[in-house]
Amino acid sequence: MSGEGKVVCVTGASGYIASWLVKLLLERGYTVKASVRDLNDPRKTEFLEALDGAKERLHLFQANLLEEGSFDAVVMDVKAFSMLHLQFCALEVSSVKRMSILVSQQPYGCCRQNENAAWDFSKEHGIDMIAINPGMVTGPFLQPSATLSAEVILSLVNGIDPFPNMVIPWIDVRDVAYSHIVAFEIASASGRYCVVERTAGCCELIRILTELFPTLQLPDKCSNGSPLIQLKYDVSNEKVKGLGIEFVPLEVSLKDAIESFKEMKLVSL
Ligand SMILES: NC(=O)c1ccc[n+]([C@@H]2O[C@H](COP(=O)([O-])OP(=O)(O)OC[C@H]3O[C@@H](n4cnc5c(N)ncnc54)[C@H](OP(=O)(O)O)[C@@H]3O)[C@@H](O)[C@H]2O)c1
């Protein structure tokens with residue numbers, strides 16, 4: 001196993017993307033130091049503690065972005081970490097050589113500021129940094145309840161809030177997590193990676209979902225009442241594919257997402 005004997009740190013470990021990263025790291029033999037906001041909340045910790053390898057190699061810590069110095073103990077003595085909670089924060093990082101961050105989904109100015117702060121920090125501390133810029137993340141959930149990421153698909157599937165007729169770049173949660181692992185394992189990986197399997201508008205989503213789950217009641221109009229039309233733009237994923245990542249097709253991601261929602265009783269089929 002490639003991660004045997006290596007310790008990495010993941011912040012925001014109970015989140016949608018981060019929990020998949022913890023799972024994949026454990027499967028590869030890494031020891032994982034992971035932070036959650038509340039160690040006493042079993043809904044945030046039990047599913048992580050139940051992962052294969054967790055008993056032996058997962059160490060949970062409590063850390064909150066709003067408390068200065070809170071993450072220092074988590075990164076102490078690790079060579080690599082992924083910061084996956086909502087916003088970049090400076091850390092005490094004497095041993096760290098590599099770090100990866102997720103480009104946040106906050107409003108553009110905010111997220112650019114956040115990413116720039118991470119680049120400045122990595123330069124200042126001589127850390128190799130990789131920024132993963134994912135599209136809209138979908139796919140299966142490890143957590144017992146869905147987070148914000150679920151809302152786009154749920155609003156379409158449940159027809160609560162009809163889907164806007166816009167094109168969205170999509171990526172599977174497992175691929176986003178795996179991109180962070182590549183950031184640790186491939187020394188030549190550097191800079192910013194757009195991680196997108198394909199772009200698809202609601203027409204395309206409805207076509208795929210209807211084929212997968214014919215009993216779903218899907219909308220036939222956009223939120224403004226206009227007919228659904230096929231829209232398209234592309235995002236290049238050449239750079240990340242150069243690292244040898246093969247993406248999970250959107251059809252599989254959507255199928256697995258809906259299966260998770262079914263288990264959480266958020267959709268009925
Ligand atoms: N999901 C997407 O489609 C997508 C796409 C592009 C970029 N991103 C970015 O990727 C990051 C993770 O996304 P996600 O979908 O995995 O989000 P998520 O499931 O909501 O997870 C966010 C994590 O941040 C933690 N957190 C929130 N406030 C915190 C605080 N004050 N201190 C410490 N931890 C805190 C949460 O802890 P609790 O569990 O305790 O709440 C949770 O573990 C976000 O920055 C998001 O903007 C997401």
Side-chain angles (χ1 to χ4, degrees), residues 9-24 32 34-49 60-75 81-91 99-115 117-118 130-156 166 168-180 183 192-197 199-200 205 235 237 240 248 250 253-254 257 260 264:
C9 158
V10 179
T11 69
S14 52
Y16 179 39
I17 300 168
S19 55
W20 270 101
L21 177 57
V22 171
K23 177 178 165 61
L24 298 188
V32 184
S35 76
V36 295
R37 243 195 306 187
D38 183 2
L39 272 179
N40 295 316
D41 182 347
R43 289 179 68 79
K44 303 285 179 175
T45 55
E46 276 179 358
F47 75 100
L48 294 171
E49 287 163 337
L60 291 180
F61 292 74
Q62 182 160 306
N64 192 322
L65 192 55
L66 304 177
E67 292 161 17
E68 209 183 320
S70 171
F71 288 91
D72 292 348
V74 198
V75 290
F81 74 91
S82 285
M83 190 175 281
L84 266 63
H85 59 258
L86 295 186
Q87 196 181 313
F88 178 75
C89 69
L91 303 166
M99 82 173 187
S100 64
I101 64 153
L102 268 172
V103 174
S104 159
Q105 267 184 321
Q106 290 165 335
Y108 185 73
C110 241
C111 91
R112 198 66 228 190
Q113 228 179 13
N114 200 24
E115 190 184 343
I130 289 197
I132 303 293
N133 187 9
M136 181 66 74
V137 183
T138 188
F141 279 73
L142 294 172
Q143 300 127 295
S145 52
T147 52
L148 265 185
S149 265
E151 282 187 4
V152 174
I153 306 281
L154 279 177
S155 66
L156 181 67
M166 61 192 276
I168 293 179
W170 295 94
I171 185 69
D172 191 279
V173 65
R174 294 160 285 201
D175 289 333
V176 183
Y178 183 61
S179 309
H180 285 270
R192 195 170 199 260
Y193 290 86
C194 281
V195 183
V196 169
E197 195 268 330
T199 56
L205 287 190
V235 174
N237 55 17
V240 74
V248 175
L250 179 60
S253 311
L254 289 174
S260 283
M264 295 174 194

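Order of appearance sets the numbers: ligands from 1, and atoms from 1 within every ligand. We count residues from 1, following the sequence as given.
Scanning the protein heavy atoms around atom 25 (C) of ligand 1, the nearest turns out to be His85 CB, 3.9 Å. In terms of protein heavy atoms, atom 10 (O) of ligand 1 is closest to Leu102 CD1, 3.2 Å. Gln105 N, 2.7 Å is the protein heavy atom nearest to atom 47 (O) of ligand 1. In terms of protein heavy-atom proximity, atom 31 (N) of ligand 1 is closest to Asn64 OD1, 3.0 Å. In terms of protein heavy-atom proximity, atom 22 (C) of ligand 1 is nearest to Leu86 CD2, 3.7 Å. Among all non-hydrogen protein atoms, the one lying nearest atom 19 (O) of ligand 1 is Tyr16 N, 2.8 Å. Counting only heavy atoms of the protein, atom 37 (O) of ligand 1 lies nearest to Arg37 NE, 3.6 Å.
For ligand 1, the atoms closer than 4.0 angstrom to any heavy atom of Gly12 are 43 (O). Numbered from 1 in the order shown, with element, the atoms of ligand 1 that lie under 4.0 Å from a heavy atom of Thr147 read 19 (O). For ligand 1, the atoms sitting less than 4.0 Å from at least one non-hydrogen atom of Leu84 are 11 (C), 12 (C), numbered in the order shown with element in parentheses. Atoms of ligand 1 lying under 4.0 Å from at least one heavy atom of Met136, given by number and element, are 3 (O). Near Val137, meaning under 4.0 Å from any of its heavy atoms, are these atoms of ligand 1: 1 (N), 2 (C), 3 (O), 4 (C), 5 (C). Numbered from 1 in the order shown, with element, the atoms of ligand 1 that lie under 4.0 Å from a heavy atom of Ser149 read 1 (N), 2 (C), 3 (O), 15 (O). The Leu65 neighbourhood of ligand 1 comprises atoms 30 (C), 31 (N), 32 (N), 33 (C), with distances under 4.0 Å to a heavy atom of that residue. The distance from ligand 1 to the heavy atoms of Lys44 drops below 4.0 Å at these ligand atoms: 38 (P), 39 (O), 41 (O).
Inside a 4.0 Å radius of atom 40 (O) of ligand 1 there is at least one protein heavy atom.
The shortest separation from a heavy atom of Leu148 to ligand 1 is not under 4.0 Å, leaving the residue out of contact. At least one heavy atom of Ala63 lies less than 4.0 angstrom from ligand 1. Ligand 1 has no atom lying under 4.0 Å from any heavy atom of Val36. For the ligand labelled ligand 1, residue Asp38 lies outside the 4.0 Å heavy-atom shell. Ligand 1 lies nowhere less than 4.0 angstrom from a heavy atom belonging to Ser35.
At distances below 3.5 Å, not a single donor-acceptor pair connects side-chain atoms of Thr147 with backbone N or O atoms of Tyr16. The main-chain N or O of Ser14 is never found under 3.5 Å from a side-chain atom of Ser19 such that the two would form a donor-acceptor pair. In this structure, Glu197 contributes its side chain and Trp170 its backbone to no donor-acceptor pair below 3.5 Å.
Residue nearest to atom 7 (C) of ligand 1, selected from Val103, Val195, Asn114, Thr138: Val103 (by heavy-atom distance). Comparing Ile17, Val173, Val10 by heavy-atom distance to atom 16 (O) of ligand 1, the nearest is Ile17.
Contact annotation: the side chain of Val103 never approaches that of Ile132 to less than 4.5 Å [non-hydrogen atoms, C-beta and beyond]. Put simply, the side chain of Met136 does not reach to within 4.5 Å of the side chain of Ile171, judged on heavy atoms. The shortest side-chain heavy-atom distance between Pro134 and Leu102 falls under the 4.5 Å cut-off.
Annotation for Pro140 and Trp20: closest pair O-NE1, 3.0 Å, computed over non-hydrogen atoms. Looking at every heavy atom in both residues, Asn64 comes nearest to Phe71 through C-CE1, 3.8 Å. Minimum interatomic distance between Ser82 and Ser100 (heavy atoms only, all atoms of both residues): OG-OG, 2.6 Å. Of all non-hydrogen atoms in Phe141 and Ala146, the two that sit nearest each other are CE2-CA, 3.9 Å. Across Gln62 and Asn40, no two heavy atoms sit closer than the pair OE1-N, 4.4 Å. When every heavy atom of Val248 is checked against every heavy atom of Asp175, the shortest pair comes out as N-OD2, 2.7 Å.
Under the side chain to side chain contact (heavy atoms under 4.5 Å, CB included) test applied with Val32, the options Leu24, Leu21, Val10 reduce to a single match, Val10.
Considering both main-chain and side-chain atoms, Gly15 comes within under 3.5 Å of ligand 1 through a nitrogen or oxygen pair.
Looking at Arg43 and Asp41, no side-chain N of the basic residue comes within less than 4.0 Å of a carboxylate O on the acidic one, giving no salt bridge.
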